[in-house]
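The analysis underlying the following values was restricted to heavy atoms, covering all of them including side chains, and did not include hydrogens, waters or symmetry mates. So that the names make sense, note that chain A is the first sequence line, chain B the second, and so on, each numbered from 1. Because the structure is a prediction, the values reported are computed rather than measured.
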Amino acid sequence: MSTKTTIDRLCEHVGQSVTLQGWVHKTRSSGKIAFVIVRDGTGLCQCVIEKNEHTEPFFETATHLSQETALEIAGTVRADERAVGGHELDTIGLAVIHAAQDYPITPKPHGIDFLLKQRHLWFRSERQYRILRIRHTLVNAIRSFFNDNGYILIDTPIFSPSAGEGTSTLFAVDYFGEPVYLAQTGQLYVEAACLAHRKVYCFGPTFRAEKSKTRRHLTEFWMVEPEIAYAYLDDVIGVAEDFICSVVQRVLSQHRADLVELGRDLAPLEAIRKPFCRLTYDEAVEILHGPKARELLEADLTQKNARIAELIAQIEQLTETQRTAKKKWQQEKAAQDIQAAREERAELEEQVANIPHHIELAANFQWGSDLGGSDETIISRLHDRPVFVTHYPKEVKAFYMRIDRTNPKRVENFDMLAPEGFGEVIGGSAREEDYDRLLERIREDGLPQEPYEWYLDLRRYGSVPHGGFGLGVERTLAWLCSLKHIRETIPYPRMMGKIYP
RNA sequence: UCCCCGAUAGCUCAAUCGGUAGAGCGAGCGGCUGUUAACCGCUAGGUUGUAGGUUCGAGUCCUACUCGGGGAGCCA
C-alpha cells in the first residue's frame, strides 16, 4: 500500500507512489489514454491511465468513472506543466468507494434557481469552493484583527425581547407563548459590555425580515460589531479604516490565485490604503444633485448602449456564420456565442432601463431622506477608495445615535461604502451617552421606555462617550471577490421565499 | 407593497407572420496516443408552469393565478 496523502502535498512526493482519497471531478478519454481529474478537498489532480499499461477491464472501469464517484486512487507522482496544479498521478490502481450516478451539476452552465436548489452539491464546484475558502479567511482575518487589538468577544443573544430599532423588519418567534424576535443586531448588548471591557465585539448571525429581493439582501447574514468605550466618532472611523485595510491585506495575501480565478481585478484591492475618503451627508447630497452624478450615469448609458449595438451586430453576424458554416462544430460554437451575447444584451438592457430612474432618484434626492442603493453606487463609483459618509439627519437614523452637539439636526454616524459601486458594507456611529437626550430620542421614536430600562442604566452609571459599527460579512465578501450577487457568499443562503436546502 | 422581464427534454437554451416542438450538455453505446468545458458518430429522452379564453389551428395572441429573475422602498 502506498502512502496516503492529499493533493496539496503532492509536491512533497514527486517520484513516489501515493494514494489519494477523493471524488471524480471530470473525466476524458481518447481510446488509449484516459484522464481522471480527482478532487479531494485540497485541490484538483489529473490522474493519467494509459491503456497499454493496464488490463482491459481496468482501463474499461477507468474510462467509465462517472462524475462525483468517490474513489481511492494510487499512482506515481510526476511534475507536469500540462496538469492542473502542476502535478499529476501516473495511475497504478484505483478502488471505487461509491459510484455516483447522474450527478445533477454538469460541466455546462446552469441557472441560479437550479443551482440554489442544489446548494448541498454546488459546494463541490470550483468557483463555490474558492469563494467559501475566501470566506473562511475573511472571517479569520476579522477575528484576528479584534483579538490582536485587545477586543474581548461578547456573544450577544439571538432571542430578543424587544425590537432593536422598530418591529417591522424582525422575525417573530413564539417563546413559551411570548412573542420574541430574532436579533437584528447585538449592538445594544455589546454597548453594555464595552463599559466593562473597554473594547469588545460580537460576531454572529443576524436576521432581517425585510421583503427585499435584490442582489444585496439576505434574511440571515453574519455581522461583526465592535464597540469601544471612551471613543468619539473619529476614533471609531479610524478603527473601521484600519480594520478594512487589515482584512483586505489578509485576503489578498492568501488568495491571489483564487481571486484571479474568480475574475477579480486585483488592482482596486491593492489600492486600498489609508486614508479613505470622508464626506458628510450634505456633501454627498451635493454630489448627487451636481453634474458629476449625472455625467457618470449618462456616460454609463452611452457606453452600455454602444455595447448593446455591438452585441446586436455580433449576434447577426454569428447567426449568419451559424447558417453558412460547413463544419458542425463551427455551427455549435456560433450557437454558444449567440447565447452568451444574448445573455449579456439582456442584462445590459435591464441596466439601461434602470439608469434613467437612477438619474432621477439622484437629481430629485430630498434632503432628509436616507441614501438609496443607487445613490450609494454613484457616490462609491466617483471615488477610488472606500468612502465614509457621515452626519446624517437624525430622523432617518436610529434613536441611539449621538446627536451632533454643533448641529443638533445631525447625528454622529457613518456608513462606509465599498469602492467600485459595491455600496454599504459598514454602518456605525457614536452612541448617545447623555441620559436625557437618549430618553428624548426614545420618546420621539414612539418606543416604550420599559424594555429599554437596562439600556438607560448604561447612561445612569458611569456613562462615557462610546461607539462602534457593524460590518456585513457577505457584502464584504461579495466586494472582495467581485461577485454580482451576495447569495454565493454564504454556505446556505436564506432569502425571501428560499429556505431549501 | 410597487414596476419590468421570464417559465419549452434531467440541465442550458432555440423555434421567423399563429401552421409537423429542435440543438448542446448530461445518460447509454461505439471510435480516437496527452486531453484541459477534449473531439467525432449513433441511441433514448416532451401533458411547452397551472386554469380558462380567441382561432380551422396556440410554445407563440388574451385574462387570471403560481413560481423565479432584476429593480424601487428598506437595509449590512
Open item on the list: Output the rounded distance in Å from CZ (R487(A)) to P (A76(B)).
Closed with: 21 Å
Open item on the list: Centroid distance below 5.5 Å plus an interplanar angle below 30 degrees: do F35(A) and G34(B) meet both conditions?
Closed with: no
Open item on the list: Measuring to OP1 and OP2 of G71(B), would you say a side-chain N or O of R215(A) lies under 4.0 angstrom away?
Closed with: yes
Task: Phosphate OP1/OP2 of A38(B): any R28(A) side-chain N/O under 4.0 Å - done: yes
TODO: Syn or anti for C29(B), please, going by whether the chi angle lies within 90° of 0.
DONE: anti
TODO: Classify the side chain of H217(A) and the base of C75(B) as holding, or not holding, a donor-acceptor pair under 3.5 Å.
DONE: yes
Task: Atom-to-atom span, CZ of R475(A) to C1' of C74(B) - whole angstrom - done: 10 Å
- [ ] Give RNA chain B the dot-bracket treatment, 5' to 3': Watson-Crick (N1-N3 with N6-O4 or O6-N4) or G-U (N1-O2, O6-N3) under 3.5 Å, [ ] crossing, | other strand.
- [x] (((((((..((((.....[..)))).(((((.......))))).....(((((..]....))))))))))))....
Open item on the list: Roughly how many Å apart are A27(B) and G45(B), using the C1' atom of each and rounding to a whole number?
Closed with: 9 Å
Task: Length of the line joining M496(A):CE and C67(B):C1', which is rounded to integer Å - done: 12 Å
Task: Sugar-phosphate only, base, or nothing, as touched by G373(A) at under 4.0 Å among non-hydrogen atoms - done: base
Tabulate atom names and distances for all N/O pairs under 3.5 angstrom spanning the protein and nucleotides 29-33 of chain B.
unit_1	atom_1	unit_2	atom_2	d
C32(B)	N3	G31(A)	N	3.3
C32(B)	N4	G31(A)	N	3.0

Task: Atom-to-atom span, NE2 of H357(A) to C1' of G71(B) - whole angstrom - done: 8 Å
Task: Euclidean distance for C1', G10(B) against G26(B) (whole angstrom) - done: 8 Å
- [ ] Would you mind building the protein contact string for nucleotides 3-8 of chain B? One character per nucleotide, 5' to 3', B for base within reach (heavy atoms under 4.0 Å), S for sugar-phosphate only, - for untouched.
- [x] ------
